[in-house]
Amino acid sequence: MPAREDYFAVMFENDKLVYLDQTKLPTEEEYVETDDVERIAEAIERLEVRGAPQLGVVGAYGFALGLKRDPSNAAAERAYRRLVETRPTAVNLKWALDRAMEEYRRGSEDDAYDRLVAFAAALHRDDAEKCRRIGENGLAMFKKRSTALTHCNTGKLATGGDGTAFSVLKTAHERGMLKYVYADETRPLLQGSRLTAYELDKSGVPFSILADNAAATLFQRGEIDLVVVGADRIAANGDAANKIGTYNLAVLCAYHDVPFYIAAPTSTIDASIASGEEIPIERRDGEEVRTFRGTRVADKRHDAYNPAFDVTPAELIAGIATERALHEPPYRFER
Ligand code: MRU
């Protein structure tokens, strides 16, 4: 099937950030336009925009827009602090904001807004190129024409380009190495069945969605050749945080002798932390578990455990595809 992509996740146009509101997908394709840094911070918190590398891109545009009317040092500090606190696990956000702040401090206030918009656009383009290279480097995961399973959403919606794990799948599809994809629905917010399915369909990749708890039976039946997922933060030793439910898959892979891979740009590597124990895990509102799109599916009085991410130990990871290489264990990422 030919590719028929006709959507974008994030764009900067007429001095505004334009983004596809991912909470409405797949039933509505609604683009939001704003130049308000507070609105951008809320969009990040609500997961209207999401995915680790995309958070870096949006953070950088948001920081620039925070200087549009007031380029003072106080405004820069305010924008930085508001944005960096929105989502604590995805290190790409802090990575991009730290660089944006350095760029701000390099020159004068007079042209700060223009410089920071140019900086964000360059970061956006750079992430797109990294995605392309991750796709190429990830091809080595395919020893034969394979069926892959993935979790959460790692495509154009989650990055500045074609994706991380998604770029690996798309590249393998284009090169005839991908037989089929199984996409976990990814409870509680269904990034898999709402977003990855939307993107696989647009890219012409054959796939099924499945409830997260159906994955084990696919492994038992010998249907899965490899698992590839993204990451929100990777420690120096290769331990990797990703969407809750990822660790389950890594354990399944180990039991069934199936390779488990991560794909992420080097901006997701946090070499300042030795291991996954130091990765802060975002805890989200229990209402995400007790409701679905405004419909109550569990009693409001019941406590809900809702960590957004889990950490997969490096010993369960067969390889990490970055824009540089397909890294193999033992992992030793340096600052
Ligand atoms: O909470 P989300 O939807 O932002 O979580 C996203 C993920 O966990 C992705 O797998 C990760 O950011 C890698 S995206 C290329």
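For ligands, and for the atoms within them, numbers begin at 1 and follow the listed sequence.
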Q) Is it the case that more than 12 heavy atoms not belonging to E28 sit under 6.0 Å from its CD atom? A) yes

Q) When clusters are formed from ILVMFWY side-chain contacts under 4.5 Å, directly or step by step, what else is grouped with L189? A) L47

Q) Hey, does D239 have a side-chain heavy atom less than 4.5 Å from the side chain of Y331? A) no

Q) Quick one: are Y198 and N153 in side-chain contact, heavy atoms under 4.5 Å? A) no

Q. Should S146 and M141 count as side-chain neighbours, where that means a heavy-atom distance under 4.5 Å?
A. no

**Q.** Side-chain heavy atoms of R106 within contact of E103, under 4.5 Å
**A.** yes

Write out each pair where an N or O from ligand 1 and one from the protein are under 3.5 Å apart, with the distance.
unit_1	atom_1	unit_2	atom_2	d
ligand 1	1 (O)	R87	NH1	3.3
ligand 1	1 (O)	R87	NH2	2.8
ligand 1	1 (O)	K243	NZ	2.7
ligand 1	3 (O)	R50	NE	2.5
ligand 1	3 (O)	R50	NH2	3.3
ligand 1	3 (O)	Q191	NE2	2.9
ligand 1	4 (O)	G51	N	3.1
ligand 1	4 (O)	R87	NH1	2.7
ligand 1	8 (O)	D232	OD1	2.9
ligand 1	8 (O)	N242	OD1	3.2
ligand 1	8 (O)	K243	N	3.3
ligand 1	10 (O)	N242	OD1	2.7
ligand 1	12 (O)	A52	N	2.9
ligand 1	12 (O)	D232	OD1	3.1
ligand 1	12 (O)	D232	OD2	3.1

